[in-house]
Amino acid sequence: RIARGHIQELKELNTDQFDALFLPGGFGAAKNLCNFAFEANNYTVDPEVASVIKKFHDEKKPIGATCIAPLLLAKTIPAVSITLGKIGKPDYPFSNAIEAAKLAGAKIKDYSVKQVCLDKRNKIATTPAYMKNDASPIEVYNGICLLVQSIKTMIEGNKKKKIKNAKSSSDETSDKE
């Protein structure tokens with residue numbers, strides 16, 4: 001649980017009230033948002049979680065995911081590009097997650113904990129965070145800060161596009177009058 005106060009069920013989520021979706025990682029994501037912790041390569045994403053991800057993606061709203069949470073994207077967004085860390089490096093011991101994401105159809109990118117993988121076509125940003133065995137808190141913090149900045153940039157781009165489209169639509173209406 002990462003929130004206090006009034007918590008609503010995911011099925012009540014209205015995407016119009018949000019500019020982006022952020023999926024934190026950790027064992028809870030691997031155990032509760034999907035069943036990767038128990039099923040490994042045969043994992044499935046919770047249907048309500050998958051529905052929320054698909055809604056944000058269909059509405060072209062940015063999605064950020066850290067640590068193991070990009071696995072959720074691998075199962076719900078076809079051919080998404082994500083990172084789960086460095087491939088085949090001893091300090092990134094979770095190669096089974098990388099293999100599961102590949103099997104789900106994701107394009108795996110080789111990024112360090114201090115970097116962000118951007119899938120611009122899908123408006124997705126991912127960073128490995130604690131997928132690196134000995135990641136320091138400052139490394140994880142820096143990587144997540146880059147991810148948040150990337151999401152903010154995508155949100156600003158969406159807002160500019162909406163304004164441009166509204167202006168263009170308004171111009172077309174005045175031309176017809």
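All values below were derived from every heavy atom in this structure, side-chain atoms included, with hydrogens, water molecules and symmetry-related copies excluded.
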List the atom pairs, donor and acceptor, that lie under 3.5 Å between side-chain atoms in residues 142-156 and the rest of the protein, sequence neighbours left out.
| residue | atom | partner | partner atom | Å |
| --- | --- | --- | --- | --- |
| Asn142 | ND2 | Ile138 | O | 3.2 |
| Ser150 | OG | Leu146 | O | 2.9 |
| Thr153 | OG1 | Gln149 | O | 3.0 |

Between atom CD1 of Ile108 and atom OG1 of Thr83, what is the distance when rounded to the nearest 0.5 Å? 7.5 Å
Give the other cluster members for Leu103, using side-chain heavy-atom distances under 4.5 Å between Ile, Leu, Val, Met, Phe, Trp and Tyr residues; answer none if it is isolated. none
Quick one: pull up NZ in Lys132 and CG in Leu84 and give me the separation to the nearest 0.5 Å. 15.5 Å
Please tell me if the side chains of Phe27 and Cys67 come closer than 4.5 Å, counting only heavy atoms from C-beta onward. no
Please report the interatomic distance CE(Met131) to CD1(Ile98), rounded to the nearest 0.5 Å. 6.5 Å
Taking all non-hydrogen atoms of both residues, which atom of Asp110 and which atom of Gly85 are closest, and how far apart? OD1-O, 3.6 Å
Between side-chain atoms of residues 54-62 and protein atoms elsewhere (two or more places apart, or another chain), which donor-acceptor pairs fall under 3.5 Å?
| residue | atom | partner | partner atom | Å |
| --- | --- | --- | --- | --- |
| His57 | NE2 | Asn122 | OD1 | 2.7 |
| Glu59 | OE1 | Thr15 | OG1 | 2.9 |
| Glu59 | OE2 | Thr15 | OG1 | 2.7 |
| Lys61 | NZ | Thr15 | O | 2.4 |
| Lys61 | NZ | Phe18 | O | 2.7 |

Rounded to the nearest 0.5 Å, how far apart are CG of Asn158 and CD1 of Ile163? 11.0 Å
Can you name the salt bridge (charged side-chain N to carboxylate O under 4.0 Å, His left out) partners of Asp19, sequence neighbours left out? Lys159
Between Tyr111 and Lys109, which heavy-atom pair has the shortest distance, and what is it? CE1-CB, 3.2 Å
Set of salt bridge (charged side-chain N to carboxylate O under 4.0 Å, His left out) partners for Glu12, sequence neighbours left out: none
Can you measure from CG (Leu73) to CG (Asp119) and round to the nearest 0.5 angstrom? 9.5 Å
Which heavy-atom pair separates Leu72 from Ala29 by the least distance, and what is that distance? CD2-O, 4.5 Å
Give the C-alpha distance, both sets of side-chain angles, the deciding distance and a yes or no for side-chain contact (heavy atoms from CB on, under 4.5 Å) between Ile63 and Phe22. CA-CA 6 Å; Ile63 301 172; Phe22 184 83; over 6 Å; no
Would a 4.5 Å heavy-atom cut-off, applied to side chains only, mark Ile53 and Ile77 as touching? yes
Which atom pair, heavy atoms only, marks the closest approach of Ala129 to Ala135? O-CB, 3.9 Å
Closest heavy-atom pair, Gly26 versus Ile68, reported as atoms and distance to 0.1 Å, is O-CG2, 3.4 Å
Please list, one pair per line, the donor and acceptor atoms closer than 3.5 Å that link side chains of residues 36-47 to other protein atoms, with sequence neighbours excluded.
| residue | atom | partner | partner atom | Å |
| --- | --- | --- | --- | --- |
| Tyr43 | OH | Leu71 | O | 2.7 |
| Thr44 | OG1 | Asn35 | ND2 | 3.4 |
| Asp46 | OD2 | Glu48 | N | 3.0 |
| Asp46 | OD2 | Val49 | N | 3.2 |

About how many Å separate CG of Leu118 and CD1 of Ile82, when rounded to the nearest 0.5 Å? 13.5 Å
